[in-house]
Colleague: 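One structure, as structure tokens, below. Some questions next.
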Amino acid sequence: MNSKDILQDLNPEQKQAVTTTEGPLLIIAGAGTGKTAVIARRISYIIEKKLAKPSEILALTFTDKAAAAMEERVDILVPYGFIDTWISTFHAFGDRVLRDNTLEIGLSPDFKVLSRPQQVLFFAQNLFRIPLDYWRPLSNPTKFISATLSFFSRLKDENISPVEFRQYAKRQALKAKDKESRIEVQKYQELAEAYESYEKFKTEAGFLDFGDQVVKTIQLFQKRPKILKDYQRKFKYILVDEYQDTNFAQNELVKLLASKHKNICVVGDDNQSIYKFRGAA
């Protein structure tokens with residue numbers, strides 16, 4: 001398909017979004033305005049104009065369904081049957097990077113990603129190895145497991161490591177002056193120790209959770225600048241769909257990847273943010 005066909009049926013704003021290929025681009029558009037179609041056409045336009053090979057384009061979205069739909073659209077627009085563009089969810093992208101570099105970040109080569117029920121079971125199995133008091137009441141030891149895991153998940157959304165959270169808890173302890181504040185601080189210190197223990201046991205067992213797929217990729221890039229450089233060089237164009245749903249950690253990952261070529265295009269609509277309750281920022 002040539003560029004004339006790619007731009008067919010687009011309104012002037014959509015056309016501008018597809019053909020603006022240099023530098024950072026933020027596209028804000030409401031529901032039903034063809035945001036995903038614009039991303040698919042933009043990918044096709046970049047390939048058709050030979051600005052990048054398909055393998056030098058990374059498109060990130062939030063659900064497997066959205067990634068599959070985008071891949072299908074690009075496949076139709078790029079008819080000569082080759083599409084090795086990286087189109088995936090943030091978590092699938094992180095998983096792929098980590099599996100390609102397990103030894104560099106000290107992961108077991110056949111690591112397993114735990115689903116939420118598996119996380120709960122794993123935490124329950126290790127409950128009495130984790131230093132807990134308030135968060136493990138004698139009358140009902142498993143009462144706070146789900147809430148504790150949700151809290152750890154939110155910390156990962158904000159890219160806060162166990163070490164950083166422990167330091168935060170320490171700072172709060174120094175500020176606590178009355179009995180009530182000290183009790184609150186104790187709860188935080190307990191959570192900090194639990195977070196650290198949980199991460200340690202998980203690594204020892206060769207397990208990751210969904211949050212790890214993003215934060216451990218960031219850690220890999222920060223600890224191994226050469227690997228980051230390779231991925232920065234590789235992806236000349238990065239596109240993010242449903243940008244309003246990115247959390248802090250996902251945004252950090254995108255910033256790291258895009259900092260060389262700076263050809264980053266994000267598409268979103270703040271009125272459609274359905275993941276604010278899960279840390280979308």
Side-chain angles (χ1 to χ4, degrees), residues 90-91 94 97-98 101-102 104-108 111-114 116 118-138 140-225 228 246-253 255-256 277-281:
F90 276 93
H91 294 99
V97 170
L98 291 172
N101 298 281
T102 47
E104 295 286 349
I105 197 165
L107 289 173
S108 153
F111 69 78
K112 183 183 177 213
V113 181
L114 299 175
R116 186 51 187 256
Q118 289 168 331
Q119 265 183 283
V120 171
L121 180 64
F122 180 76
F123 198 93
Q125 286 166 341
N126 289 281
L127 189 58
F128 289 91
R129 293 173 70 198
I130 294 170
L132 292 170
D133 181 27
Y134 176 85
W135 300 105
R136 191 183 56 213
L138 288 173
N140 183 3
T142 59
K143 182 181 178 182
F144 292 118
I145 288 179
S146 193
T148 303
L149 287 170
S150 294
F151 184 71
F152 295 166
S153 176
R154 285 300 291 269
L155 289 174
K156 286 179 186 181
D157 287 348
E158 297 295 318
N159 195 26
I160 295 167
S161 69
V163 172
E164 287 168 322
F165 187 58
R166 195 179 66 226
Q167 287 166 346
Y168 167 79
K170 258 187 194 163
R171 287 197 300 274
Q172 296 309 303
L174 294 172
K175 290 179 193 170
K177 297 288 180 265
D178 54 62
K179 191 184 172 188
E180 214 171 287
S181 306
R182 280 196 287 272
I183 290 168
E184 280 308 301
V185 162
Q186 261 173 320
K187 289 182 198 174
Y188 273 120
Q189 286 178 316
E190 225 180 273
L191 280 170
E193 283 187 51
Y195 186 27
E196 212 156 2
S197 301
Y198 169 69
E199 290 303 308
K200 180 172 166 275
F201 298 151
K202 217 157 40 56
T203 303
E204 284 168 1
F207 294 150
L208 260 64
D209 58 33
F210 284 115
D212 290 330
Q213 290 176 307
V214 174
V215 295
K216 287 207 181 293
T217 307
I218 293 172
Q219 284 168 19
L220 169 73
F221 288 160
Q222 287 170 338
K223 287 177 184 170
R224 299 280 185 273
L228 172 61
T246 44
N247 59 43
F248 181 80
Q250 289 162 337
N251 199 44
E252 285 302 295
L253 181 60
K255 275 160 58 179
L256 280 171
F277 73 97
R278 255 183 24 198

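For the single chain, residues carry numbers from 1 onward in sequence order. Bear in mind that the values here come from a model prediction, so they are computed numbers and not experimental data.
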Colleague: Enumerate donor-acceptor pairs with a distance under 3.5 Å from any side-chain N or O in residues 165-176 to protein atoms, sequence neighbours excluded.
Modeller:
residue	atom	partner	partner atom	Å
Arg166	NH1	Glu196	OE1	2.7
Arg166	NH1	Glu196	OE2	2.4

Colleague: Tell me every residue that passes salt bridge (Lys or Arg N to Asp or Glu O under 4.0 Å) with Glu184, counting only those two or more places apart in sequence or in another chain.
Modeller: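 Scan of Glu184 (salt bridge (Lys or Arg N to Asp or Glu O under 4.0 Å), adjacent residues dropped) gives Lys187.
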Colleague: With sequence neighbours excluded, what pairs up with Lys202 under the salt bridge (Lys or Arg N to Asp or Glu O under 4.0 Å) test?
Modeller: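 Salt bridge (Lys or Arg N to Asp or Glu O under 4.0 Å) check on Lys202 returns Glu199, Asp209, Asp212.
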Colleague: Measuring from atom CG of Asp178 to atom CD1 of Ile183, what distance do you get when rounded to the nearest 0.5 angstrom?
Modeller: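 Taking CG in Asp178 and CD1 in Ile183, the distance rounds to 9.0 Å.
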Colleague: Taking atom types as modelled, is there a side-chain donor on Gln119 or Tyr198 under 3.5 Å from an acceptor on the other?
Modeller: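 Yes.
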Colleague: Determine whether Leu98 and Leu208 satisfy the following criterion, side-chain contact (heavy atoms from CB on, under 4.5 Å), listing intermediate values before the conclusion.
Modeller: CA-CA 11 Å; Leu98 291 172; Leu208 260 64; 3.8 Å; yes
Colleague: For the residue pair Phe210 and Val113, establish whether any side-chain heavy-atom pair is separated by less than 4.5 Å.
Modeller: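 Sidechains of Val113 and Phe210: in contact.
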Colleague: Roughly how far, to the nearest 0.5 Å, is the OG1 atom of Thr203 from the CG atom of Leu107?
Modeller: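 Output value for this atom pair is 7.0 Å.
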Colleague: So does Tyr188 have more than 12 non-hydrogen atoms from other groups sitting under 6.0 Å from OH?
Modeller: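 Open: at most 12 neighbouring heavy atoms sit under 6.0 Å from OH of Tyr188.
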Colleague: I need the Ile160 CD1 to Phe248 CZ distance, nearest 0.5 Å.
Modeller: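 It is 8.5 Å, given to the nearest 0.5 Å.
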Colleague: Report yes if the side chains of Pro131 and Gln189 come closer than 4.5 Å at any heavy-atom pair, otherwise no.
Modeller: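 When only atoms from C-beta onward are counted, Gln189 and Pro131 do not touch, as no gap falls below 4.5 Å.
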Colleague: Tell me, do Thr246 and Phe90 make a side-chain contact under 4.5 Å, heavy atoms counted?
Modeller: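 Thr246 reaches Phe90 side chain to side chain.
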Colleague: Minimum heavy-atom separation for Phe152 and Ala194, please, with both atom names.
Modeller: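 Phe152 and Ala194 have their closest heavy atoms at CZ-C, 3.8 Å.
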Colleague: Would you give the length of the straight line joining atom CG of Leu127 to atom CD of Gln125, rounded to the nearest 0.5 angstrom?
Modeller: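 CD of Gln125 is found 11.0 Å from CG of Leu127.
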Colleague: Is there a donor-acceptor pair under 3.5 Å between the side chain of Arg136 and the backbone N or O of Ile130?
Modeller: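 Yes: the side chain of Arg136 pairs with the backbone of Ile130.
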Colleague: Report yes if the side chains of Val214 and His91 come closer than 4.5 Å at any heavy-atom pair, otherwise no.
Modeller: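 A side-chain contact exists here, since the closest heavy-atom pair is under 4.5 Å.
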Colleague: How many angstroms lie between atom CD1 of Ile105 and atom NZ of Lys216, to the nearest 0.5 angstrom?
Modeller: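 Taking CD1 in Ile105 and NZ in Lys216, the distance rounds to 6.0 Å.
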Colleague: Taking Phe207 as the fixed residue, which of Phe123, Phe111, Phe122 is the one that meets the ring pair (Phe, Tyr, Trp, His ring centres under 6.0 Å) rule?
Modeller: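 Passing option: Phe122.
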Colleague: Residues two or more places apart in sequence or in another chain: which of them pass salt bridge (Lys or Arg N to Asp or Glu O under 4.0 Å) with Lys200?
Modeller: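 By the salt bridge (Lys or Arg N to Asp or Glu O under 4.0 Å) rule, Lys200 matches Glu204.
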Colleague: Would you call Val185 and Arg182 a side-chain contact if the rule is heavy atoms closer than 4.5 Å?
Modeller: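 Of all side-chain heavy-atom pairs linking Arg182 with Val185, none is under 4.5 Å.
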Colleague: Atom CG in Leu228, atom CD1 in Ile218: separation rounded to 0.5 Å?
Modeller: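 Answer rounded to 0.5 Å: 11.0 Å.
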Colleague: Lys255: what forms a salt bridge (Lys or Arg N to Asp or Glu O under 4.0 Å) with it, not counting sequence neighbours?
Modeller: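 Lys255 satisfies salt bridge (Lys or Arg N to Asp or Glu O under 4.0 Å) with Glu252 once adjacent residues are dropped.
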Colleague: Once ring-ring contact (aromatic ring centres under 6.0 Å, His included) is applied, do any residues pair with Phe144, and if so which ones, sequence neighbours excluded?
Modeller: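 Listed in chain order: Tyr134, Trp135.
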